[in-house]
Structure formats: C-alpha cells, structure tokens
Asks: 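Before we start, here is the structure in question, set down as structure tokens.
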Number of protein chains: 2
Amino acid sequence: MNAEQQKYDVFQAIADPSRRKVLQLLSNKNQSIAELASHFDISRTAVVKHINILAEAGLISGKKQGKEKIYELQPESLKELKDWLAYFEQFWHNKLTKFKYVVENDTLNNK
Amino acid sequence: MNAEQQKYDVFQAIADPSRRKVLQLLSNKNQSIAELASHFDISRTAVVKHINILAEAGLISGKKQGKEKIYELQPESLKELKDWLAYFEQFWHNKLTKFKYVVENDTLNNK
DNA sequence: TTGACATAACACCATTTGGTTATATATAAT
DNA sequence: ATTATATATAACCAAATGGTGTTATGTCAA
C-alpha cells in the first residue's frame, strides 16, 4: 500500500506557462502526445514531463489507443482552485465596495 | 527606463504553500513582516523572500510605518486567475451536463 | 548617544525544476 | 519479418527555488 505521495498539486501544476498551454490545447480537443508536442518549441520529452505533472495533479488523463496515448482535460480538479479563489473574492469585493463608498462620500470629506 | 521584467506572475506566486499562507494571514488583518513571520517555522529572511515575490506579483503591498513595514492584501490582482479559471469552468460545466445527459438516458442505451 | 528593534541586503547552499539527448519498448503497416 | 511510428525510460545538466546565517541600515526610546 504505497502512500502515493502526490508530489504536484493543482497550484503547482498551473504555475508553468507550458502546462497552462497544454490545458488550453486539450480544452480545444483531446489529442495525443505527438499532437500536443507539435505546438511547442521544446522537445517531446519535455512536453511529456509537463503532461505527467498535469496528470499527477488530476487535471488531465490519458488512455492508450493503439500506439497513441490520447489525453483529455479533467477540469473538475480545478474546483480546489475555484474554492480557494472564492475565499479571496470576498475581500476583493469588500475592497471595491469600500472604495465606492469613499468616492460617493467625497464631498462630505472636504469640510 | 528599466524594462522592469516581472519575474513572478500570479500563477507562480500562489504556487507555494507558504505564500498562500501569507495571503491568508493578510486577509485576516494587515500586519508587519515580524508578525507575519511569527506564524512560520522558517526563518524571517525566508518569509521576506516570499513576501517580496507576492509583492512583485501585485498580490500584496507594503508601506513603511515608523520602523515597521505593514503589508496589505491586494486581492484585485487575482482577477487574472479568475478569468483564467472562468474559461475552464465552461468545460467543467459542459462535462457535468454531458454526464447528466448520459445518466438520464441510461435506459435508452440498454437496447 | 547608546541600545534595542525591525527591516534590508548579502553571500552561500541543497534540492527541485525544466530542459536536453540517447536508448528501449510496443504497435502498425508493408 | 522488417521497418516506421508513438510512447516510455534513463542519465545528465544548468538555472531557479526555497532555505540558511551574517552583516548593514534605519528608527524609536532611554
């Protein structure tokens, strides 16, 4: 029962521009490693490493089809990010509200 | 006119757990470097590095007050992340919809 | 002015990261 | 069976990252 230490989480996975590009490409259509790699200037091996990191974070999944391995976006794993963001959006909106208040009451402050 | 190459963007800034913790602490209240650092096991110097990265990404800002430097959350900078996420949520919901469709039409498939 | 305190600036280090090339394995097609 | 294609795996490397400790610098208080 290997404890399966997940080395990469969603936050780390999306930190790299190449990995975000992979997600974007897969959002357009499911595709093989070769097809994905064709959109990058870096080596196929390098792209595969990014793919593995994304898969480890649960953001994509791949299944072998003949000699190809077709990858698919798994966007549900972004929920963790969404929840994290939602917490901070609360403060974001509060701040905007406060700003709005200050502006609307500007003349009152010029006593 | 130094081109001010921004080394850290929002995606990278939030990738590190310590930095997310700094954001969380600042969401609670504005505070000095010393106070922030008191919540970590790592050295003050290390915390300062994280703070600088967050500031560079525009997620926080600090102003000198006497001998202290008080930092404040700048949540508007999370908009970039929010927009990025919104794009993928579209696929997320589509997928859930598709799944719902399959379930609801399950008996039809058992021909 | 001396001491205490908060932050800033350095120099240094181990590990991780993002990349490379080379080699092996599995599947398809001739 | 042979060859071409797609992916997998391994060994390697430079640079970035996250951490350390030490040494300035600025500010408040006695």
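Letters go in sequence order (proteins before strands), and every chain restarts at 1. A quick note: this is a predicted structure, and the numbers were derived from the prediction, not measured.
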Asks: Using the rule given for side-chain contact (heavy atoms from CB on, under 4.5 Å), can you reason through A:Val22 versus A:Leu59, listing the C-alpha separation, both sets of side-chain angles and the distance that settles it, and then say yes or no?
Replies: CA-CA 10 Å; A:Val22 168; A:Leu59 287 168; over 6 Å; no

Asks: With a 4.0 Å heavy-atom cut-off, tell me which residues in residues 58-69 of chain B come close to DNA chain C, sorted by residue number.
Replies: B:Lys67, B:Glu68, B:Lys69

Asks: B:Ala34 or B:Lys49: which one's nearest nucleotide on DNA chain C is closer to the 5' end?
Replies: B:Ala34

Asks: Report yes or no: does B:Ser77 contribute a side-chain atom to a donor-acceptor pair with the main-chain N or O of B:Gly58 at less than 3.5 Å?
Replies: yes

Asks: If hydrophobic clusters are built from ILVMFWY residues whose side chains come within less than 4.5 Å, do B:Leu85 and A:Leu73 share one?
Replies: yes

Asks: To the nearest Å, how far apart are B:Asp41 CG and D:dG19 P?
Replies: 11 Å

Asks: Between B:Ser43 and D:dG19, is there a side-chain N or O to OP1/OP2 distance below 4.0 Å?
Replies: no

Asks: Send over the distance from A:Phe11 CZ to C:dT17 P, rounded to a whole Å.
Replies: 16 Å

Asks: Round to the nearest Å and state the distance from A:Lys7 atom NZ to D:dT17 atom P.
Replies: 16 Å

Asks: Determine the interplanar angle of the A:Trp84 and A:Phe88 rings, folded into 0 to 90°, and report it as parallel if under 30°, tilted if 30 to 60°, perpendicular if over 60°.
Replies: tilted

Asks: Where the side chain of B:Asp16 is defined as all heavy atoms beyond and including C-beta, which of D:dG19, D:dG18, C:dT7 is the nearest nucleotide?
Replies: D:dG18

Asks: Atom CD1 of A:Ile70 and atom C1' of D:dT7: how far apart are they, to the nearest Å?
Replies: 12 Å

Asks: Are A:Gln12 and C:dT17 close enough that a side-chain N or O sits under 4.0 Å from OP1 or OP2?
Replies: yes

Asks: From A:His39 NE2 over to A:Gln31 CD, what is the distance, rounded to the nearest 0.5 angstrom?
Replies: 6.0 Å

Asks: For the residue pair B:Glu56 and B:Tyr8, what are the closest heavy atoms and their distance?
Replies: OE2-N, 3.2 Å

Asks: Check the distance between D:dG18's C1' and B:Ile53's CD1 and give it to me in whole angstrom.
Replies: 8 Å

Asks: Which pair of heavy atoms, one from A:Ala13 and one from A:Arg19, lies closest together, and at what distance?
Replies: O-NE, 2.7 Å

Asks: In whole Å, what is the span from the CD atom of A:Glu56 to the C1' atom of D:dA8?
Replies: 16 Å

Asks: What integer distance in Å separates B:Arg20:CZ from D:dG18:P?
Replies: 11 Å

Asks: Check the phosphate of D:dG19 against B:His50, side-chain N and O only, distance under 4.0 Å to OP1 or OP2. Yes or no?
Replies: yes

Asks: Please determine, for the side chain of A:Arg19, which listed nucleotide (C:dG18, C:dT21, D:dT17) has the closest atom?
Replies: C:dG18

Asks: Which nucleotide, C:dT17, D:dA8, D:dG19, lies nearest any side-chain atom of A:Tyr8?
Replies: C:dT17

Asks: Could you say whether A:Ala15 or A:Thr45 is positioned toward the 5' end of DNA chain C, judged by the nucleotide with the nearest heavy atom to each?
Replies: A:Ala15

Asks: Rounded off to whole Å, could you give me the CZ-to-C1' distance for the B:Arg44 and D:dG19 pair?
Replies: 16 Å

